[in-house]
Amino acid sequence: MTHTILVTGGAGFIGSHTCVALAQAGYEPLILDNLGNSDIRVVDRLARITGRAPRWIEGDVRDRALLDRIFAEERIAGVIHFAGLKAVGDSVADPIGYYENNVHGTWVLTQAMEAAGVRTLVFSSSATVYGDPERSPIPEDAPCRPANPYGRSKRIVEETLADWQQASPGWRIVLLRYFNPVGAHESGLIGEHPQGKPNNLMPFVCQVAVGLRDKLVVHGGDYPTADGTGVRDYVHVMDLAEGHVAALRKAQEAPGLLTLNLGTGQGASVLDVVKAFEAASGRSIAYEIGPRRPGDVPAYWADPALAGRVLGWQARRGLEQMCADAWRWQQGNPRGYE
Ligand code: NAD
Ligand code: UD1
């Protein structure tokens with residue numbers, strides 16, 4: 001029997017790629033998305049990749065009546081919960097809006113799941129919960145000191161889901177802490193399309209390469225790293241997507257709560273990314289070194305060993321492929337799904 005998985009935020013960047021991995025693993029994704037940061041034309045692209053358009057519902061995870069209806073009408077085997085807001089700067093400007101969407105939204109979803117007897121949940125957390133870590137690679141038991149409302153919203157959800165799992169031990173919960181998701185499906189048909197000026201490095205580099213922006217401003221060249229620029233653990237979005245399928249399978253095995261890093265375990269500097277992107281695209285990326293970005297951490301990367309042991313998951317795609325796939329998507333779709 002095919003298991004239907006409710007994918008909240010499934011029209012977004014990571015959710016859409018996870019729908020591909022789910023379909024390829026024999027699951028049926030059912031997307032619930034309010035389209036606040038996505039374009040539903042993604043489902044046509046998903047149909048071209050997997051041979052079948054996923055079913056989708058336009059709606060909000062905070063809408064309890066809608067959730068009750070979905071759980072009553074569908075046989076949902078589990079939920080992967082991507083729906084949330086993710087811009088750090090916006091979260092500083094509108095913290096309550098962020099807690100309302102990310103925290104309250106998860107609580108409404110959890111209560112609707114409990115009422116329906118659906119007790120398998122994979123949650124999108126973030127390495128941002130570690131804040132400024134004491135050392136890298138970061139293991140899951142490192143202290144969590146999120147530095148902004150976005151990060152705190154993720155941490156509050158982690159803690160309240162842990163309380164919930166203690167109170168209701170039949171639940172199967174996996175909290176996935178993503179490092180820096182980048183890249184696109186290798187077909188070039190789906191990818192990341194930020195609205196307005198990108199905050200994140202890879203989409204910005206893509207837009208410089210395609211001529212939409214003049215140059216990259218490197219946020220700081222005087223960090224205590226090999227080349228002075230910030231170091232992160234970039235992880236290919238299809239590796240992440242496959243990590244979700246592995247996490248779901250693990251959750252279906254037994255009740256409990258697991259917290260796992262999803263990263264490569266390798267750090268790359270801003271200039272490493274620029275060089276890899278130049279090699280992948282054959283374009284030169286103009287850049288200048290600017291001041292540090294407030295709130296940025298010099299360097300961090302994951303210890304992904306636990307995900308390796310528990311899920312048998314390991315990132316397989318390197319920085320070259322992340323850049324090549326991001327470039328294929330960017331070139332083919334300079335205006336996203338328009
Ligand atoms: P995204 O914005 O592309 O996807 C999120 C999707 O959720 C969007 O389609 C949006 O329309 C939808 N959504 C938001 N609030 C909703 C609500 N209340 N009800 C229904 N739909 C709603 O972002 P993404 O990069 O795919 O991130 C997915 C998840 O992973 C988010 O929870 C994010 O915080 C987390 N995460 C992302 C990153 C990253 O770098 N992209 C890193 C760590 C964690
Ligand atoms: C940011 C968020 C983090 C979120 C993550 C999602 C902040 C402080 N942190 O992380 O909470 O989970 O995105 O992937 O916003 N850089 C430049 N020039 C640019 C853009 C970025 O030099 O125009 C540098 C940054 O200084 C950093 C690296 O590139 O060293 C990666 O930046 P970014 O992609 O924004 O990710 P994070 O800062 O790691």
Side-chain angles (χ1 to χ4, degrees), residues 7-18 31-40 42 57-63 66-67 80-92 98 100-102 104-106 108-109 123-132 146-148 150-151 153-154 157 176-182 191-195 197-205 207-208 213 215-221 223 225 229-235 237 240-241 244 262-263 267-271 273-274 287-301:
V7 185
T8 77
F13 172 47
I14 307 171
S16 58
H17 289 79
T18 301
I31 294 173
L32 170 66
D33 200 301
N34 67 9
L35 307 183
N37 195 37
S38 48
D39 185 329
I40 201 56
V42 70
I57 297 163
E58 183 173 350
D60 199 289
V61 287
R62 292 164 294 182
D63 182 344
L66 172 64
L67 291 177
I80 306 185
H81 179 37
F82 293 102
L85 302 173
K86 62 167 181 174
V88 173
D90 291 352
S91 81
V92 174
Y98 265 65
E100 159 65 23
N101 199 344
N102 294 1
H104 177 66
T106 306
V108 174
L109 174 66
F123 173 66
S124 294
S125 188
S126 168
T128 199
V129 299
Y130 297 117
D132 188 355
N148 51 61
Y150 166 66
S153 77
K154 291 294 178 187
V157 169
L176 295 177
R177 293 179 177 160
Y178 317 148
F179 281 66
N180 287 56
V182 297
E192 182 176 22
H193 183 65
Q195 292 165 3
K197 188 175 167 188
N199 293 314
N200 297 116
L201 179 64
M202 187 65 89
F204 204 103
V205 169
Q207 293 194 3
V208 174
R213 313 237 164 230
K215 58 173 182 296
L216 170 74
V217 177
V218 177
H219 298 318
Y223 282 114
T225 60
T229 67
V231 168
R232 295 290 184 275
D233 186 337
Y234 298 94
V235 53
V237 65
L240 268 194
H244 286 77
L262 293 185
S269 73
V270 176
L271 296 183
V273 172
V274 168
Y287 71 85
E288 69 179 29
I289 306 283
R292 293 181 179 194
R293 181 171 64 176
D296 261 0
V297 170
Y300 64 85
W301 57 94

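First listed ligand is number 1; within each ligand, the first listed atom is number 1. All values below were derived from every heavy atom in this structure, side-chain atoms included, with hydrogens, water molecules and symmetry-related copies excluded. The structure presented is a predicted model; accordingly, all values stated were derived computationally and were not measured.
With a 4.0 Å cut-off on non-hydrogen atoms, Thr128 touches ligand 2 through its side chain and not its backbone. Residue contacts with ligand 2, taken as heavy atom pairs separated by less than 4.0 Å, involve Leu201 via backbone and side-chain atoms alike. Heavy atoms from both the backbone and the side chain of His219 come within less than 4.0 Å of ligand 2. Counting heavy atoms closer than 4.0 Å to ligand 2, residue Val297 contributes nothing at all.
No donor-acceptor distance shorter than 3.5 angstrom exists from the side chain of Ser126 to the backbone of Arg177, with no hydrogens or angles considered. Proximity of a side-chain donor or acceptor of Tyr300 to a complementary backbone N or O of Gly131 within less than 3.5 Å is not detected.
Looking at atom 19 (N) of ligand 1, its nearest protein heavy atom turns out to be Val61 N, 3.1 Å.
Of all atoms in ligand 1, numbered sequentially from 1 with element shown, those under 4.0 Å from a heavy atom of Asn101 are 15 (N), 16 (C), 17 (C), 18 (N). Shown in contact with Tyr234 at under 4.0 Å from a heavy atom are these atoms of ligand 2, numbered in order with element: 28 (C), 29 (O), 31 (C). Near Val218, the atoms of ligand 2 lying under 4.0 angstrom from a non-hydrogen atom of the residue are 22 (O). Ligand-side atoms of ligand 2 in range of Asn180: 14 (O), 36 (O), 37 (P), 39 (O), range being under 4.0 angstrom from any heavy atom. Listed by atom number, the atoms of ligand 2 under 4.0 Å from Ser126 heavy atoms are 12 (O). Those atoms of ligand 1 with a heavy atom of Leu35 less than 4.0 angstrom away are 11 (O). Residue Leu216 has at least one heavy-atom neighbour below 4.0 Å for each of these atoms of ligand 2: 18 (N), 19 (C), 23 (O).
Ligand 1 has no atom lying under 4.0 Å from any heavy atom of Ser16. Taking a 4.0 Å cut-off on heavy atoms, Gly105 fails to register as neighbouring ligand 1. Residue Tyr300 places a heavy atom under 4.0 Å from ligand 2. Ligand 1 has Gly59 within reach: a non-hydrogen atom of the residue lies less than 4.0 Å from it. Using 4.0 Å as the threshold, Lys154 has a heavy atom nearer than that to some atom of ligand 1.
At under 3.5 Å, not a single nitrogen or oxygen of Asn148, backbone or side chain, sits near a nitrogen or oxygen of ligand 2. For the pair Val217 and ligand 2, the shortest N or O to N or O distance falls below 3.5 Å. Between Asp60 and ligand 1, at least one pair of N/O atoms sits closer than 3.5 Å.
Considering only non-hydrogen atoms, atom 39 (O) of ligand 2 lies nearest to Arg232 out of Gln207, Arg232, Arg292. Around atom 14 (C) of ligand 1, the closest heavy atom drawn from Gly36, Gly84, Gly9 belongs to Gly84. Of all the listed residues (Asp296, Asn199, Asp233, Val270), Asp296 holds the heavy atom that lies closest to atom 26 (O) of ligand 2. Looking at Leu176, Ile14, Asp33, it is Asp33 that brings a heavy atom closest to atom 9 (O) of ligand 1.
Relative orientation of the Phe123 and His81 rings is tilted, given thresholds of 30° and 60° on the angle between their planes.
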